[in-house]
Amino acid sequence: MRRLVAIAMTCAAMGIGISSGAYAATFKWASQGDILTFDPHAQNEAFNNTANSYVYEALVNLNKGKVTPSLAESWTSVPEGFVFKLRKGVKFHEGETLTVEDVAFSINRALHPISQFKTFTAGILGAEALPNGDVLIKTINHSPVLLNQLAYLRILNKAWAEKHGATAPQNFVAKEEAYAAKHANGTGPFKLQSREVDIKTVFVENPDWWNKANKVGNVTEGIYTPIKSAATRMAALLSGEVDFVPDPATQDIQRLKNNSKVKLQSGPELRVLMISLDQMRDESPYVFVDGKKTDKNPFKDIRVRQALYQAIDIKTLQRAVMRGFSIPNGTIVSSETNGWSAKAADRLPYDPQAAKKLLAEAGYPNGFEFTLDCPNNRYINDEAIGKALAGMWAKIGVKVKVNAIPRANYFPKVLRYDSSVGMVGWGASTQDALFPLQSLVETVDVKKGNGLSNIGRVSDPELDALIEKIKEEEENFDKRNELIEQALLRVNKNIYVLPLHTQVINWALKKNIDAPLRADDRLELDKVVVK
């Protein structure tokens, strides 16, 4: 600080002005869970993707639905797909120059069978380097969201991947150890300096970043620390140990509003919270009737799904658990997402008596038992929501064991279908409803990137056909949104998931920190200003 003051005084004496963004600064932040992996194609989870975005970049960027150039300067539509002209002189962190071979390798790597980013490759057939120095991405059509998807397919150096045995993505679901999980070589504004799992991750400024001249923020070092306890995170913020907490406990919001040391930034998020039910297996692994394992899966009966839905007192959940910081929602997308409609967002009424009657009609007059799997360090009040739902379902005779576990264990568990009922929080990062429809309720087809987060394994041919039509509709925007609404209404009609609410973002920052709030809850480290 003395050094900065001295510099400022010298500059003032010379008549030189310096903006606050000119100062080098360390920025520290904390949230409840750790980064999962730095392999850019291994785990498609929003918080993890945000961390990866500091070190890895894509061909294009996406913000508020607008696609802008990044590693690609420009692109053109051709019959085979899209041709991208790369930015010249871009360097990887270890000094290699970005080439079309790196881009083609990375896109094809994201298409690998174990990649968790195949939702973002939907409609992409492959990529190849062209002799003129451009890269061709072959696609099945020219869907308007293909460019949005490319914003999440990040580019790594081919030679580095070959050197470190990382030509294929890390198998995160199988908990594979991999070099690329703890090391990175991207082109982004920050380098990964060190990685201590569940302890600390340090990013340092990339002095050779191609876009440094347009960098808005002044952070030269970013230090992320996972702190599970909400009380401890708040204490760290108020003591100045950290500068930013993106997930303050809802019960602390009012106290923070009255604290002169911090400021709050709030807004609706893209993320919708819901419950997914196993609708595939005839015998679901964690379901019991009269205390005994049953060979009958109650969740395949729409009456049971409706009973569980109508037993959810969403207003009490909003008031008592979320402290008002949620927006009840009856569909799988938020109002911030293209394709959302008020008609699709209508919820079934809370009616526990109707729920009991439905259970009796379905053959469960005395209810049944199941385990609800949920994370305890990913979504806002995730464990508390699970426990509140268990209490509501108990009132209609359904006994629920809440299995709340860290997200590092939760995601591999549900993604290998080791669950009967799971909590899902889904943000449409492409800012279009196709993404959640394809990911959450289309029939699982790993090769095509369909249903990769469909942990209940919903399978409805008519719904699949609607989703495929949405993918194919290229020109008529209104017709495309009509198809989206039809698909959302079909999900509602069949109660394929139990929707809960749209999350509300609350960012708690020290007064001297400026950071732009995004609906996707993404902290842009290169835009943070420490005053």
Side-chain angles (χ1 to χ4, degrees), residues 35-45 48-61 70-72 84 86-121 124-131 133-138 149-195 197 201-204 206 208-210 412 446-447 449 452:
I35 299 159
L36 300 174
T37 176
F38 276 96
D39 187 313
H41 305 132
Q43 175 57 17
N44 178 19
E45 187 258 352
N48 196 76
N49 293 347
T50 295
N52 274 263
S53 73
Y54 304 149
V55 292
Y56 287 109
E57 295 176 292
L59 290 171
V60 297
N61 287 324
S70 182
L71 294 181
F84 293 83
L86 295 192
R87 197 173 297 280
K88 303 296 182 184
V90 175
K91 298 284 186 181
F92 285 95
H93 296 160
E94 295 187 7
E96 309 92 341
T97 300
L98 173 70
T99 68
V100 287
E101 286 78 15
D102 296 316
V103 175
F105 162 76
S106 299
I107 299 298
N108 291 328
R109 186 179 189 266
L111 283 161
H112 191 281
I114 62 172
S115 165
Q116 288 295 310
F117 280 73
K118 294 189 70 178
T119 299
F120 290 111
T121 65
I124 296 175
L125 300 173
E128 65 178 65
L130 300 178
D134 294 342
V135 62
L136 168 66
I137 297 183
K138 298 178 182 179
Q149 293 170 202
L150 286 171
Y152 294 89
L153 300 180
R154 298 189 170 90
I155 309 303
L156 68 165
N157 179 254
K158 180 181 179 183
W160 180 86
E162 291 172 341
K163 178 181 177 181
H164 296 293
T167 54
Q170 172 200 15
N171 191 335
F172 181 82
V173 173
K175 298 187 177 182
E176 176 190 14
E177 294 292 332
Y179 185 86
K182 298 180 182 178
H183 304 82
N185 185 26
T187 60
F190 292 89
K191 297 180 179 182
L192 177 62
Q193 183 181 70
S194 64
R195 170 81 173 129
V197 176
T201 299
V202 180
F203 305 89
V204 293
N206 173 15
D208 301 314
W209 187 36
W210 61 270
V446 175
K447 289 184 179 180
L452 294 188

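- Judged by distance alone, with hydrogens and angles left aside, the side-chain atoms of Y56 form a donor-acceptor pair with the main-chain N or O of N185 at under 3.5 Å.
- With values rounded to the nearest 0.5 angstrom, I107 atom CD1 is found 5.5 Å from L59 atom CG.
- Side-chain polar atoms of N108 and E128 form no donor-acceptor pair below 3.5 angstrom.
- Checking side-chain atoms of N52 against main-chain N and O of N48 turns up a donor-acceptor pair under 3.5 Å.
- The line from CG of D39 to NZ of K182 is 13.5 Å long, rounded to the nearest 0.5 Å.
- Formation of a donor-acceptor pair under 3.5 Å by the H93 side chain with backbone atoms of G188 is found in this model.
- Look at R109 and D102 and you find no salt bridge, because none of the NZ, NE, NH1 or NH2 atoms lies under 4.0 Å from a carboxylate O.
- Judged by distance alone, the side chain of H164 and the main-chain N or O of A166 form no donor-acceptor pair under 3.5 Å.
- Taking 4.5 Å as the limit, some side-chain heavy atom of F105 sits within range of a side-chain heavy atom of T167.
- Distance CD1/I155 to CG/L86: 8.5 Å, rounded to 0.5 Å.
- Residues T37 and Q170 have side chains that bring a donor and an acceptor to within less than 3.5 angstrom of each other.
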Go through the steps for V197 and R195 under the test side-chain contact (heavy atoms from CB on, under 4.5 Å), then give the verdict.
CA-CA 6 Å; V197 176; R195 170 81 173 129; 4.1 Å; yes

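- Side chains of E96 and W160: no donor on one and acceptor on the other come within 3.5 Å.
- Here the side chains of L71 and R87 are not in contact, with every heavy-atom distance at 4.5 Å or above.
- At least one donor-acceptor pair under 3.5 Å links the side chain of S106 to the backbone N or O of L156.
- To the nearest 0.5 Å, atoms NZ (K88) and OG1 (T97) are separated by 11.0 Å.
- Judged purely by atom type and a 3.5 angstrom limit, E176 uses its side chain to pair as donor or acceptor with the backbone of N171.
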Worked check of side-chain contact (heavy atoms from CB on, under 4.5 Å) between F84 and I137:
CA-CA 8 Å; F84 293 83; I137 297 183; 3.7 Å; yes

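- Using a distance-only test at 3.5 Å, with no hydrogens or angles considered, no donor-acceptor pair links the side chain of N61 to the main chain of S70.
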Dump the intermediate steps for side-chain contact (heavy atoms from CB on, under 4.5 Å) on F117 and N49, then the final yes or no.
CA-CA 11 Å; F117 280 73; N49 293 347; 3.2 Å; yes

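- Ring-plane geometry between F203 and Y54 is classed as perpendicular, the angle between the planes exceeding 60 degrees on a 0 to 90 degree scale with a lower cut at 30.
- Checked by atom type, the side-chain pair T187/K91 shows no donor-acceptor distance below 3.5 Å.
- Looking at Q116 and V173, their side chains come closer than 4.5 Å, going by heavy atoms from C-beta outward.
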